[in-house]
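Have a look at the structure below, then the notes.
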Amino acid sequence: MIKLYNVKNRTKEAFTPIDPKNVRMYVCGPTVYDRAHIGNARPVVVFDTLYRVLQHTYGKEHVSYARNFTDVDDKINAKSIETGRPIRDITNETIGWYLEDMNELGALEPDFAPRATEYIAEMITMIEELIEKGHAYAAEGHVLFDVNSYDAYGALSRRSVDDMIAGARVEIAPYKHNPMDFVLWKPSNDKQPGWDSPWGHGRPGWHIECSAMSRALFGDKFDIHGGGLDLQFPHHENEIAQSCACCGDDTFANVWMHNEMLQVEGKKMSKSLGNFFSVRELLDQGYSGEVIRFVYLSTHYSKPMDWTIKKAEEAAATLRKWRMITDDVIPSDIVSPAIVNALADDLNTAGAITALHNLAKCGDAALLKSSAELLGLLGDNMGGWVKAIDFDLSALEKMISTERDKALKNKDFSKVDYLKLTFVSAGLDVQMSKENVTLIAGPKFDSSLLEDLF
RNA sequence: GGCGAGUUGGCGGAGUGGUGACGCAACGGAUUGCAAAUCCGUGUACAGGAGUUCGAUUCUCCUACUCGCCUCCA
């Protein structure tokens with residue numbers, strides 16, 4: 001049984017799908033104007049893991065996962081004006097990057113990846129319904145959602161409209177009935193992307209796309225809605241308001257999940273601090289996608305996670321060890337119950353990693369591999385970073401072995417020690433047993449440092 | 001100002017109303033020509049205060065601190 005912490009009730013509860021043959025999860029995806037940064041990647045890895053657990057529990061063909069691309073947004077418009085490139089070029093390129101980068105993190109592609117611009121008609125329909133039902137109004141080319149018309153507004157994030165107005169720091173547009181009313185549709189000028197609508201040439205507000213697209217793909221009601229905690233308010237609150245006002249109080253997502261934010265070396269990631277980087281930059285620095293994924297999974301999704309070099313290095317060491325154990329091992333048909341149980345308990349990925357450590361300790365390589373794969377780790381497609389060394393060490397092994405045999409007789413170890421030192425400084429791990437000497441290339445192996453020996 | 005999350009041993013990080021997870025580091029031992037790797041072993045951690053309880057790190061309240069959202073940035 002899967003248990004999930006449902007933000008709606010702030011309670012961990014048993015997960016019961018609406019239809020076990022059709023489990024539906026919607027996760028808010030990126031606005032596509034630039035490379036995904038490492039904060040963007042956390043929900044991707046978190047919900048990818050949940051996707052795998054759901055597939056494991058209900059069967060691959062019975063789980064649908066949708067993650068949208070927001071490809072109409074003022075940030076994209078700004079980039080287009082700045083670079084002189086058409087919007088579609090920018091969004092296509094960015095989507096390509098995104099899929100590449102997330103693939104490196106071992107994230108499966110969702111079953112649906114809807115683009116906002118392909119669902120404009122559905123959004124317009126929904127906005128019309130909202131107007132008809134008295135939850136939205138048109139004003140000066142805009143359409144606004146009337147928060148006073150929806151009593152439960154603020155329930156998800158536990159905010160009251162009055163408190164928010166009192167503490168508001170935003171300038172209030174004159175055409176709003178209530179300062180908290182938010183935009184469903186807004187007018188576009190010649191330079192902005194736009195579509196014809198009953199309210200003139202314009203474009204959708206940010207929130208309506210998720211309501212319209214999840215409805216189009218999953219219907220009025222589905223199981224899980226996820227995203228970063230920063231989206232809880234206002235984005236998710238507004239999605240709920242739109243969808244429930246339109247389709248009924250008992251519609252939209254049953255379970256709401258939010259992953260906590262990511263920090264870098266103890267500080268909020270920000271461009272001014274210089275600790276802001278993309279997944280691609282990290283990959284280019286030599287941190288493999290698998291290592292990055294492991295670091296993400298070693299902290300529970302509900303807690304803030306600190307990205308540090310130290311963690312990445314520890315993760316790399318652990319994975320290297322596990323890959324050594326599972327090299328050429330055929331994964332077991334089953335997954336360790338300890339791992340399944342940990343993951344079923346509100347996606348306790350850190351607990352699952354502990355269970356993997358236990359499997360490694362007792363040497364059950366087949367089960368270690370199959371179980372790690374449920375977390376998206378130790379897959380054959382992700383191990384390139386470990387096996388990348390193409391260098392025959394057998395001649396060196398023989399060389400040091402011979403010298404050692406001699407030294408053991410004449411007690412002069414100077415030559416052996418010299419070789420050992422050279423090997424170690426070239427990044428080799430030198431393992432001498434009674435019988436022979438084994439050399440293992442470490443992460444910093446550099447064969448050019450051995451040239452003098454030949 | 002409003003709202004929320006968190007504070008666990010040297011570091012990271014789970015978890016639990018009553019036998020000190022787990023990883024890294026450290027230390028001791030086995031092993032080794034010496035090492036490394038490996039194996040075995042070693043640590044009186046739960047921010048502070050009050051309360052509930054036979055018993056609290058775990059529940060309740062208060063205090064302090066940290067962080068996040070409310071503002072273009074997930």
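Keep in mind that what you see is a predicted model, and the values were worked out from it rather than measured. Below, read A as the first sequence line, B as the second, and so on, with proteins coming before strands; counting in each chain starts at 1.
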Query - Pairs meeting criterion side chain to side chain donor-acceptor pair (under 3.5 Å) with involvement of residues 142-156 of chain A, two or more places apart - result: A:His135-A:Ser149, A:His142-A:Tyr175, A:Asn148-A:Asn178, A:Tyr153-A:Asn238
Requested in this report: Would you confirm whether the ring centroid of A:His258 sits within less than 6.0 angstrom of the ring centroid of A:His236?
Outcome: yes
Query raised in the report: Under 4.0 Å: is that the gap between some side-chain N or O of A:Lys303 and OP1 or OP2 of B:A14?
Result: yes
Query raised in the report: Are A:Tyr65 and A:Phe47 near enough that their ring centres are under 6.0 Å apart?
Result: no
Requested in this report: Give a yes or no on whether the ring-centroid distance for A:His225 and A:Phe252 is below 6.0 angstrom.
Outcome: yes
Report task. Among residues two or more places apart or on two chains, list those pairs meeting side chain to side chain donor-acceptor pair (under 3.5 Å) that have a residue in residues 350-372 of chain A. Result -> A:Lys369-A:Asp380
Query raised in the report: Separation of A:Leu156 atom CG from B:C70 atom C1', in whole Å?
Result: 14 Å
Report task. Name the nucleic acid region contacted by A:Arg158, choosing base, sugar-phosphate or nothing; use a 4.0 angstrom heavy-atom cut-off, strictly under. Result -> sugar-phosphate
Query raised in the report: Atom CD of A:Gln263 and atom P of B:C67: how far apart are they, to the nearest Å?
Result: 8 Å
Requested in this report: Determine the sole option in A:Arg10, A:Glu13, A:Met257 for which the side chain to side chain contact (heavy atoms under 4.5 Å, CB included) test with A:Tyr5 is passed.
Outcome: A:Arg10
Query raised in the report: So does A:Ser298 get a side-chain nitrogen or oxygen closer than 4.0 Å to the phosphate oxygens (OP1/OP2) of B:G13?
Result: no
Report task. Let me know the distance between CG of A:Asn341 and C1' of B:U16, rounded to the nearest Å. Result -> 17 Å
Requested in this report: Go along nucleotides 25-31 of chain B 5' to 3' and tag each nucleotide: B for a protein heavy atom under 4.0 Å from its base, S when only backbone or sugar atoms are that close, - otherwise.
Outcome: -------
Report summary line: Those stems involving RNA chain B that have three or more consecutive Watson-Crick or G-U pairs, both distances under 3.5 Å, are B:1-7 with B:64-70, B:10-12 with B:22-24, B:26-30 with B:38-42, B:47-51 with B:59-63
Requested in this report: Let me know the distance between CG of A:Leu428 and P of B:A37, rounded to the nearest Å.
Outcome: 14 Å
Report summary line: Taken to the nearest whole Å, CD/A:Gln232 to C1'/B:G2 is 14 Å
Query raised in the report: What integer number of Å spans the C1' atoms of B:C11 and B:A26?
Result: 11 Å
Query - Presence of A:Lys268 side-chain N/O under 4.0 Å of B:C73 phosphate oxygens OP1/OP2 - result: no
Report task. Take atom CD1 of A:Ile38 and atom C1' of B:C73, then tell me their distance rounded to the nearest Å. Result -> 14 Å
Requested in this report: For A:Ser157, report the nucleic acid contact type (base, sugar-phosphate, nothing); a contact means any heavy atom under 4.0 Å.
Outcome: sugar-phosphate
**Report entry** Atom C1', compared across B:C61 and B:C67: separation rounded to whole Å
**Finding:** 23 Å
**Report entry** Out of B:C70, B:G23, B:A14, whichever nucleotide has its closest atom nearest the side chain of A:Thr318
**Finding:** B:G23
Query raised in the report: For A:Phe233, which contact category applies under a 4.0 Å heavy-atom criterion: base, sugar-phosphate, or nothing?
Result: sugar-phosphate
Requested in this report: Could you check which of B:C22, B:A5, B:G13 has an atom nearest any side-chain atom of A:His357?
Outcome: B:C22
Query raised in the report: What about A:Lys420, does its side chain sit under 3.5 Å from the base of B:C34 through a donor-acceptor pair?
Result: yes
Report task. Mind checking A:Val424 for me? I need base, sugar-phosphate or nothing, with any heavy atom below 4.0 Å counting as a touch. Result -> nothing
Taking only nitrogen or oxygen atoms into account, show me every contact under 3.5 Å that the protein makes with nucleotides 9-11 of chain B, one pair per line with its distance.
| residue | atom | partner | partner atom | Å |
| --- | --- | --- | --- | --- |
| B:C11 | O2' | A:Lys310 | NZ | 3.3 |

Requested in this report: Select base, sugar-phosphate, or nothing to describe what A:His37 touches, counting heavy atoms under 4.0 Å on all strands.
Outcome: base
Query raised in the report: Do the non-hydrogen side-chain atoms of A:Val335 and A:His56 ever get within less than 4.5 Å of each other?
Result: yes
Requested in this report: Test for a donor-acceptor pair under 3.5 Å between the base of B:G33 and the side chain of A:Asp417, counting only N and O atoms.
Outcome: yes
Query raised in the report: If the P atom of B:G43 is compared with that of B:G10, how far apart are they to the nearest Å?
Result: 15 Å
Requested in this report: Remember a base hit wins even if backbone is also touched, and classify A:Lys409 as base, sugar-phosphate or nothing at under 4.0 Å, heavy atoms.
Outcome: nothing
**Report entry** Per A:Arg159 side chain, nearest of listed nucleotides B:G23, B:G4, B:C69
**Finding:** B:C69
Query raised in the report: Can you tell which of B:C73, B:A14, B:G68 lies closest to the side chain of A:Phe276?
Result: B:C73
Query raised in the report: Does any N or O in the side chain of A:Glu209 come within less than 3.5 Å of the main-chain N or O of A:Pro204, such that one atom is a donor and the other an acceptor?
Result: no
Requested in this report: Rounded to whole angstrom, note down the C1' distance from B:U44 over to B:G9.
Outcome: 10 Å
Report task. Without swapping roles, check the side chain of A:Arg35 against the backbone of A:Thr94 for a donor-acceptor pair under 3.5 Å. Result -> no
**Report entry** By ring-ring contact (aromatic ring centres under 6.0 Å, His included) - contacts of A:Tyr119 (at least two apart)
**Finding:** none
Requested in this report: Would you please indicate if the ring centroids of A:Tyr98 and A:Phe69 are separated by under 6.0 Å?
Outcome: yes
Query raised in the report: Are A:Asp181 and A:Lys176 within salt-bridge range, i.e. N to O under 4.0 Å?
Result: no
Requested in this report: Rounded to whole angstrom, note down the C1' distance from B:G48 over to B:A14.
Outcome: 24 Å
Requested in this report: Write down the distance between CE (A:Met261) and C1' (B:U71), rounded to a whole number of angstrom.
Outcome: 15 Å
**Report entry** Among A:Leu108, A:Thr349, A:Leu377, side chain to side chain contact (heavy atoms under 4.5 Å, CB included) partner for A:Thr49
**Finding:** A:Thr349
Query raised in the report: Out of curiosity, A:Leu231 CG to A:His207 NE2, how far, rounded to the nearest 0.5 Å?
Result: 10.0 Å
Query raised in the report: Does A:Thr354 make a side-chain donor-acceptor contact with the base of B:A21, cut-off 3.5 Å?
Result: yes
Query raised in the report: At under 4.0 Å, does any side-chain N or O of A:Asn348 touch on OP1 or OP2 of B:G15?
Result: yes
Query raised in the report: Base, sugar-phosphate alone, or nothing: which one does A:Tyr33 contact when heavy atoms must sit under 4.0 Å apart?
Result: sugar-phosphate
Query - Beyond-backbone contact of A:Glu260 with A:Thr299, side-chain heavy atoms, under 4.5 angstrom - result: no
Report task. Taking atom P in both B:G13 and B:A30, compute the distance separating them and give it to the nearest angstrom. Result -> 36 Å
Query - Residue whose closest nucleotide on RNA chain B lies nearer the 5' end, A:Glu260 versus A:Ser433 - result: A:Glu260
Query - Distance, C1' atom - from B:U16 to B:A21, rounded to whole angstrom - result: 10 Å
Query raised in the report: CZ of A:Phe294 versus P of B:G12: gap in Å, rounded?
Result: 16 Å
Query raised in the report: Under 4.0 angstrom, heavy atoms only, what part of the nucleic acid is A:Leu262 near: base, sugar-phosphate, or nothing?
Result: base
Requested in this report: Can you tell me, in whole Å, how much space there is between the P of B:C46 and that of B:C3?
Outcome: 32 Å
